[in-house]
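Take a look at the structure set out below.
For ligands, and for the atoms within them, numbers begin at 1 and follow the listed sequence. All values reported here derive from a predicted model rather than from experimental measurement.
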Amino acid sequence: MRDFVCHGDILFAREADALEVYESGYLVVQEGRVEGIYPVIPEKFENFPRKDYGRGLIIPAFTDLHIHASQYVQRGIGMDKLLFDWLNDYTFPQEARFQDMSYAKPIYDAVVRDLLLHGTFHASLFTTIHYDASDYLFRALEEKGLYAYVGKVNMDMNSPDYLCESTEESLRQTERFLAEHPGTGTVKPVLTPRFAPTCSEPLMRGLGKLAGKYHCGLQTHLVESRAEKSWTLELFKDYGSDAEIYERNGLLENGPSIFAHFIFPSQADLDIVKRADSTMVHCPDATTNIIAGIMPVERLHGEELPIALGTDVGGGQGMGVYRQISRAVQLSKLKEFYEPEESKTITFPHAFYMATKAGGRVFDHVGSLEKGYRFNALVLDNLEDAGCILTPVERAERFCYTGDERNIVARFIDGKEIHL
Ligand code: GUN
Ligand code: FE
């Protein structure tokens, strides 16, 4: 059923500075997209089937622009380490197991199930260096109609032998991935050099050529820690900044570029990502677990950089990107407290915008309930205590701070209700 009317309290973020709310509104869905929101049902839609959610809160589905599907089983483990030890001690040995499809399949099935469960219908995912497992995840996401970018990871240096490709093999398997997944459905392939320290210059150059040949975008980690930043510039001596590695090798020209973390950018990094219309991804939990830096969200937003949210599972511990909304507000307060010159506190509407429409920009018309957007939406309920009435905005905020998948009472993708 892709033509119907939903009644409830409707809430979404058109811009970062305010939430748009329609209490007891009627949202008309036509051919799977939002036709409009009305205080009473217009005559021409009177014969559409109706779904009445009462005081249920109808919101756009969430967007997680940085998640490692391959690290799903690491959630909440090894969180007392910093990035490099966490990678070497836990992550690399675990990712190596994706060579074995009997290991990979149930994990990727669980990732897809958990994305649906938590209302994340748009995501950009890392896999591992392994072709077969990456192919499996791609197909599993597409089968459910999720909107996603999936990247087979590239690593050809500074990686353990058991998780390292030759440059040629890395390029060959990446080209195979692009050729076999043209991205004509809801899931698209994306180039995924893990981060500059594990990818040689010839590999970056080769990936740039593939970007042009197959018209595809890029996702990677960028200036996520001071150690990573200085190591990168030591390895890439001819480059003046981290982002320049991707720009000069032709990786920013053919699709969205999605940069996770972006905590310690130089002015040159900023100029490059702006020129490329890149999207930055703030991952509050991962930032506090393994990275130890806080993105200056408010300052970067002031420079008109698009900033989305990500769980960065397994650097982050939870699959609900809605929790990153509340964590983003909390971290921005800490940042202002300790570094008042660096950045200010962000508002709840701003953080909600990041996890919906801001991240949705790398897809087509998702992340909002404006006219013409795909009806990729959730209905939330049971967010009030007995006798304590909350406004729609208060209920949305409560969900992000203390709610979970049990509060999601209906899910829609392209106007189709999803039953788990
Ligand atoms: N930098 C390089 N690899 C990783 C990873 O797997 N997770 C995070 N958060 N940062 C990285
Ligand atoms: Fe990451």
Side-chain angles (χ1 to χ4, degrees), residues 64-98 107 111 120 123-130 133-134 149-160 163-165 170 190-200 203-204 218-232 235-236 242-243 245-246 257-264 279-295 308-319 321 324 327 331 359:
D64 182 348
L65 275 200
H66 184 66
I67 169 167
H68 299 258
S70 52
Q71 295 170 11
Y72 179 80
V73 291
Q74 291 177 233
R75 297 173 340 279
I77 298 171
M79 306 271 82
D80 52 356
K81 305 260 177 190
L82 280 178
L83 182 61
F84 292 141
D85 287 340
W86 174 81
L87 285 173
N88 288 316
D89 296 353
Y90 292 97
T91 305
F92 291 161
Q94 197 281 122
E95 284 194 15
R97 301 188 66 188
F98 280 79
I107 295 174
V111 169
T120 302
S124 193
L125 305 103
F126 283 49
T127 58
T128 56
I129 60 173
H130 309 99
S134 305
Y149 286 93
V150 175
K152 184 209 100 63
V153 172
N154 301 101
M155 303 166 74
D156 75 336
M157 66 176 192
N158 295 316
S159 307
L163 194 68
C164 191
E165 312 157 289
S170 190
V190 63
L191 294 170
T192 308
R194 181 172 207 121
F195 65 156
T198 60
C199 299
S200 68
L203 176 58
M204 294 292 195
L218 163 79
Q219 63 175 349
T220 191
H221 301 93
L222 193 68
V223 289
E224 62 181 309
S225 71
R226 288 200 176 90
E228 179 245 310
K229 179 176 170 152
S230 56
W231 192 21
T232 298
L235 291 166
F236 288 80
D242 296 53
I245 298 166
Y246 302 99
S257 41
I258 302 170
F259 289 116
H261 308 310
F262 205 64
I263 298 170
F264 301 102
T279 304
M280 309 297 125
V281 195
H282 180 34
C283 306
D285 275 342
T287 274
T288 40
N289 287 332
I290 56 164
I291 294 171
I294 303 177
M295 182 199 262
L309 286 181
T311 58
D312 196 12
V313 159
Q317 70 274 18
M319 288 291 284
V321 74
Q324 300 310 299
R327 296 282 289 131
L331 282 196

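- Few gaps surround CZ on Arg75; more than 12 heavy atoms of other groups in view lie less than 6.0 Å from it.
- Geometry about the Fe ion (ligand 2) gives an angle of 100° between NE2 of His66 and NE2 of His68, rounded in steps of 10 degrees.
- Residue contacts to the Fe ion (ligand 2): His221 brings an N, O or S atom closer than 2.8 Å.
- Using modelled atom types and a 3.5 Å distance limit, the side chains of Asp156 and Ser200 yield a donor-acceptor pair.
- Counting only distance, with no hydrogens or angles, the side chain of Ser159 and the backbone of Met155 share no donor-acceptor pair below 3.5 Å.
- Scanning both residues, Gln219 and Ser124, for their nearest heavy atoms gives OE1-OG, 2.8 Å.
- Pairing each heavy atom of Cys199 with each of Leu203, the nearest pair is CB-CD2, 3.9 Å.
- Ala69 and Leu125 make their closest contact through CB-CD2, 4.0 Å (heavy atoms, listed as atom of the first residue, atom of the second, distance).
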Kindly print each ligand 1 N/O atom paired with any protein N/O atom under 3.5 angstrom away, one pair per line, or none if nothing qualifies.
from: ligand 1; atom 1: 1 (N); to: Glu224; atom 2: OE2; distance (Å): 2.7
from: ligand 1; atom 1: 3 (N); to: Arg194; atom 2: NE; distance (Å): 2.8
from: ligand 1; atom 1: 6 (O); to: Gln71; atom 2: NE2; distance (Å): 2.8
from: ligand 1; atom 1: 6 (O); to: Arg194; atom 2: NH2; distance (Å): 2.7
from: ligand 1; atom 1: 7 (N); to: His68; atom 2: NE2; distance (Å): 3.4
from: ligand 1; atom 1: 9 (N); to: Asp312; atom 2: OD2; distance (Å): 2.7
from: ligand 1; atom 1: 10 (N); to: His221; atom 2: NE2; distance (Å): 3.3
from: ligand 1; atom 1: 10 (N); to: Glu224; atom 2: OE1; distance (Å): 2.9
from: ligand 1; atom 1: 10 (N); to: Glu224; atom 2: OE2; distance (Å): 3.2

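- Using modelled atom types, no side-chain atom of Thr120 and backbone atom of Asp64 make a donor-acceptor pair closer than 3.5 Å.
- Metal site remark for the Fe ion (ligand 2): Asp312 contributes an N, O or S atom at a distance under 2.8 Å.
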